[in-house]
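Some notes on the structure that comes next.
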Amino acid sequence: MLAKVYVTLKQGVLDPQGKAVGHALGTLGFKEVEDVRIGKYIEVTLPDLPKDKAEARVKEMCEGLLANTVIESYRIEL
Amino acid sequence: MLAKVYVTLKQGVLDPQGKAVGHALGTLGFKEVEDVRIGKYIEVTLPDLPKDKAEARVKEMCEGLLANTVIESYRIEL
Amino acid sequence: MTITPDQIASHGLSPDEYSRILELIGREPTLTELGIFSVMWSEHCSYKSSRIHLKNFPTKGPQVLQGPGENAGIVDIGDGDAIAFKMESHNHPSYIEPYQGAATGVGGILRDVFTMGARPIANLNSLRFGEPSHPKTAHLVRGVVAGIGGYGNCVGVPTVAGEIYFDACYNGNILVNAMTVGHVRQDEIFRGFASGVGNPVIYVGSKTGRDGIHGATMASDVFDDASDEKRPTVQVGDPFTEKLLLEACIEAMKTGAIVGIQDMGAAGLTSSSFEMASRAGTGIVMDLDKVPNREPGMTAYELMLSESQERMLMVVTKGRESEILEVFEKWELDASIVGEVTNDGRMKIIHHGEAVVDLPVAPLADAAPLYDRPRQKPEWLDALNNAAPVQKTYSDWNAILLQMMGSANLCSRAWVYEQYDQSVGANTVTLPGSDSAVVRVDGTKKAVATAVDCNSRYCYLDPYWGGAHTLAECARNVSCSGALPLAATDCLNFGNPERPEIMWQFERAVAGVSDACRELNVPIVSGNVSLYNESVGSAIYPTPTIGVVGLLKDVSRHVTSHFQKKGDVVILLGGNELSLGGSEFAWVMEKRVAGRPPVLDLKLEKNVQALLREWIAQGKLLSAHDVSDGGIAVALAECCFKNELGAQIELKFDDPMMGLFGEGGSRIIITCERDSVTKLFDHAKKMGVPALPVGIVGGTHLKIGKSINVEVAALKHEWSNGFSNVVGKE
Amino acid sequence: MKVGVITFPASNCDQDCVSAVKRMGASVVSLWHRDASVQDVDAVIIPGGFSYGDYLRCGAMAAHSPIMAAVKQFAAKGGRVLGICNGFQILTESGLLPGVLMRNAHLKFVCRTVAVKIVNTQTAVTSRYKSGQILQMPVAHMEGNYFADATTLATLKKNNQIVFQYADGQNPNGAIDNIAGICNEARNVVGLMPHPERVCDPLLGGTDGVELFKALLQ
Ligand SMILES: Nc1ncnc2c1ncn2[C@@H]1O[C@H](COP(=O)(O)OP(=O)(O)O)[C@@H](O)[C@H]1O
Ligand SMILES: [Mg+2]
């Protein structure tokens, strides 16, 4: 089974990459762009598990490694 | 409005980052992890536009900057 | 299954070459075998068009421990130390995907050096892009530079020198040449031999995927408009794995169990296995089921032709496999025994229990086709040589110098090299920005100085003299730090060899480089050829890039190109007839490439460099900078910037344009203390080397005769900001 | 004095730190990322480089290695820990230092010599410098853009935990308040982005890093 993890910077945390990309889009003529935020999209392949078990496991992975919970939030989709 | 862009490596393209993270998860005790692929999740804030217009615009952004279409595919959600 | 003419053609093999295959093996090849022939006989691997000319290179000398034919050349630097180095191109992949193309180029050349047992101590690169205003240029520059940095920085090898030039001839075909210099103890050199019948063959490093299948044949395909759309499986570099591979290989070599080792470069498992067997005169039997792979269902064809990066093949003393496997386990890398050395001179490959390849090794590796392709001097060349190098007249020399300093080919390259870790390893004595980089050999008082160069406009106007100038200038740059040039590597970037005028350029350039090598005592010990550098039918300028490595016996006796302090005396050492043919002046002012490049007197060049080195070794000089593109006005300005010191120069010339901006070989601006001047001039006179006192360091302005009087700060401002015209403001 | 220098997969300044420490006359214990103890060392250096390729987040995977568990215990008992560049990133990822090192504002790797000001002389590595002293040291990183939220930043200032700042106009990466290096509250754990180990030899263009290592070894 495939677990999808979205890692995004928390509100208020500086996103230098998003800022720079937003700026670059502006100079490329996409003047309408108001903001860009860049996060990660992670696909974890697992053996088939009951959904709640899988979710708990992936949550552990997020807390343990995939996200830095000081500055990032994450969301899991199964 | 918020456009969500998912950028992932094309099938068959090496994902060194995913490989290293998968390996690290294994040593952290998540032995069940079979594979990890890491992509980008980008949020672009735009002024409200008709959906098809917005989609066309964001597509242009992807082709022009957000994705490296030689090795990456992208998917847009509005 | 029968091989169709289409399949033959799509493998880049001519009907003649195919007949030759049939003759060699006495039957029709399998598809995998056809693939193997196609990569082994590709221009990239077999050098079929270039080999007869490469024979002209001088390759020997008492300092040469390993000449061409191995993964890298090696020179002796005394006390049991040696330096391994090589340069290689990654032009086509970098045009398609600049970041990954350049990154994997660096990865490949690093492996060529550490496979010899050498620890890489420096990276260099030589880059050519189209016009700054071309819509693709900025994107390509950004990607390539980031890719070179991204890879080398992660592996922890400082990138210490390089060059980057812009010209319309590279609009559709950029050049990315990467060079690595490594240090090895002479008794710890490894070579790519599959020796010892019965010895196991071990595969180490990354798993094999479907990357870059046909990369080697792609590198030999002419680019056309359609290839902008062609999106082959691009190889992605993994510098993290490379770093582990480097450390693991060096550790494994220390066990003494490795007999031979070779990186998997272009044509991956195919070329590494065939070349190792061929060098040793042995055979190999290999089971592809043992090859670590990262995608299910890979065919034998794909496994043999994949160009996945960060992989090596080694032959190990039988019975000692476990020592090697343990090292790779420690570094958490794949390692797998995939075969064994045999004595029948054949390559036998088994996949899923079936023999899919059974070929004689020697004919594939050594008896590849060899062409003496027709050559003809281009008919347009005489007219071009006879045309005036410059067409207009000029007068405002201050403004012109400011404009020159900010131009794309002369301005500061800090934007580029600040993206490279220049000092990791804590041995970089001279950082980028001088004539050559100086890197200390760890734990000794020795250092190597190294530089890369090519003046492709000269090569276009006169490939012979352009080639000679290129070698001479590169050696001069190394001499300018005080080091004795020991040997060179080259990367010969040319157009389509099937066109007689390209082959003529090739032959002349090789001849020019060779003669300069002989005269200056700098043999070629390794190199690479990149042909078919064309887009929509037009070729790049001939670009035979040269990298030279030199030795400083005592690193404390070296200089940089920068003026050191007020009151020092400026001397012009050497000298030659000047020319504006192919000059930077003509290019900046008129976008014009015409006339003849300057003459080069190789005897004089040799004496100038020898005297320069002698003086530096005696501690008599404070700085030394060679006068190259842009002429003496530009060279003097460059001397001023680092320490923000002006100079008052009394040069006499009738024609300011020629005097200030004319170019010529064998000229070096040096500075010394006031009280050593007389002795130096006496010495120069005795040696028959021209030397001219031209001025004094100091002040806020650069003054040259009656023509130039500009504030150094203003010049530096133009020079520092010039590159933003290429890549845009930050 | 015995100094432990840790090697992670793709550390690449570990040998440079070893040389710098040996130059000061101390002995070196090489520690491997899988070791569970820092042995009997007096100080630990977490060197620069690209541990785990800088993949995912710089320092994230290294922060979870067995040796870092040992370093945490060592630090908790007051042991001196110096993290340089990637080592600084590993210290923030493992929670030994607050804040985070983000991608440089211009998104490019940057390697150049910058002027760095000593702000706090009361730490394990700055006791031999004068307050306000300017050092010339190279930086070489892609992620050196120090960031902390307002509360954390206020705490850092209140406790005088900012140890190094880029001199005005020299900030190479967009770091908040020009922060180049910080320490923990107890002042025994210090992280900085510039590379002092590359300026310990006059031949290499400077010796401004010498006193830093001497202080660490005191
Ligand atoms: N232009 C050249 N000058 C000198 N030696 C060359 C040149 N081109 C190739 N060689 C030598 O031929 C051998 C094969 O080169 P190459 O195929 O690039 O090696 P690899 O497969 O290891 O990258 C090497 O020893 C190389 O140094
Ligand atoms: Mg090789």
Side-chain angles (χ1 to χ4, degrees), chain A residues 1-11 13 15 17-50 53-68 72-78, chain B residues 1-11 13 15 17-50 53-68 72-78:
Chain A
M1 68 192 296
L2 193 69
K4 296 174 180 174
V5 179
Y6 304 85
V7 181
T8 48
L9 285 169
K10 287 187 179 159
Q11 201 75 52
V13 175
D15 178 8
Q17 210 178 339
K19 213 170 105 189
V21 169
H23 181 78
L25 284 172
T27 56
L28 283 176
F30 300 100
K31 304 258 183 266
E32 72 268 40
V33 172
E34 288 166 9
D35 193 28
V36 176
R37 305 278 289 173
I38 300 190
K40 292 190 193 92
Y41 167 64
I42 308 176
E43 294 179 343
V44 182
T45 312
L46 299 166
D48 284 338
L49 280 174
K53 278 235 173 106
E55 174 129 22
R57 247 346 231 178
V58 177
K59 185 157 186 239
E60 272 182 69
M61 294 178 203
C62 289
E63 296 281 334
L65 181 68
L66 299 182
N68 177 350
E72 295 171 329
S73 341
Y74 60 89
R75 186 163 57 79
I76 301 167
E77 246 175 44
L78 283 162
Chain B
M1 69 192 294
L2 193 69
K4 297 176 180 172
V5 179
Y6 304 86
V7 181
T8 48
L9 284 167
K10 285 185 181 165
Q11 195 80 49
V13 174
D15 177 8
Q17 186 168 214
K19 196 175 98 184
V21 170
H23 189 80
L25 284 173
T27 56
L28 284 175
F30 300 100
K31 303 254 181 274
E32 72 268 39
V33 172
E34 287 167 7
D35 193 27
V36 176
R37 303 275 291 174
I38 300 189
K40 285 189 207 102
Y41 166 64
I42 308 176
E43 294 178 342
V44 182
T45 313
L46 299 167
D48 283 338
L49 278 176
K53 279 232 173 109
E55 175 128 23
R57 252 340 236 177
V58 177
K59 186 158 186 237
E60 273 181 67
M61 295 178 201
C62 289
E63 296 280 335
L65 184 72
L66 300 181
N68 175 354
E72 295 170 332
S73 342
Y74 59 90
R75 186 162 58 79
I76 301 168
E77 246 176 43
L78 283 162

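For the numbers below, each heavy atom of this structure counts, side chains included, while hydrogens, waters and symmetry mates do not. Keep in mind that what you see is a predicted model, and the values were worked out from it rather than measured. Proteins come first, then strands; the chains are lettered A, B, ... in the order of their sequence lines, and each starts at number 1.
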Task: CD/A:Gln11: more than 12 non-hydrogen atoms of other groups inside 6.0 Å - done: no
- [ ] Identify, with sequence neighbours excluded, every residue that meets salt bridge (charged side-chain N to carboxylate O under 4.0 Å, His left out) alongside B:Lys40.
- [x] B:Glu72
Open item on the list: For a 4.5 angstrom cut-off between non-hydrogen side-chain atoms, does B:Tyr41 reach A:Thr8?
Closed with: yes
Open item on the list: Can you tell me which of A:Glu60, A:Gln17, A:Met61 forms the most heavy-atom pairs within a distance under 4.5 Å of chain B?
Closed with: A:Met61
- [ ] Please determine, among A:Val44, A:Leu49, A:Val5, A:Val21, the option with the most heavy-atom pairs under 4.5 Å with chain B.
- [x] A:Val44
Open item on the list: With a 4.5 angstrom heavy-atom cut-off, is it the side chain or the backbone of A:Leu66 that approaches chain B, or both, or neither?
Closed with: side chain
Task: Atom group of A:Leu46 that falls short of 4.5 Å from chain B, counting heavy atoms - done: both
Task: Per-residue contact mode, A:Phe30 against chain B (heavy atom under 4.5 angstrom) - done: both
TODO: Pick one of side chain, backbone, both or neither for A:Ile42, based on which atoms fall under 4.5 Å of a heavy atom in chain B.
DONE: both
Compile the donor-acceptor pairs under 3.5 Å between side chains in residues 31-39 of chain B and protein atoms, sequence neighbours left out, one pair per line.
residue: B:Lys31; atom: NZ; partner: B:Gly26; partner atom: O; Å: 3.0
residue: B:Glu32; atom: OE1; partner: A:Arg57; partner atom: NH2; Å: 3.2
residue: B:Glu32; atom: OE2; partner: A:Arg57; partner atom: NE; Å: 2.5
residue: B:Arg37; atom: NH1; partner: B:Val13; partner atom: O; Å: 3.1
residue: B:Arg37; atom: NH2; partner: B:Lys10; partner atom: O; Å: 3.3
residue: B:Arg37; atom: NH2; partner: B:Val13; partner atom: O; Å: 3.2

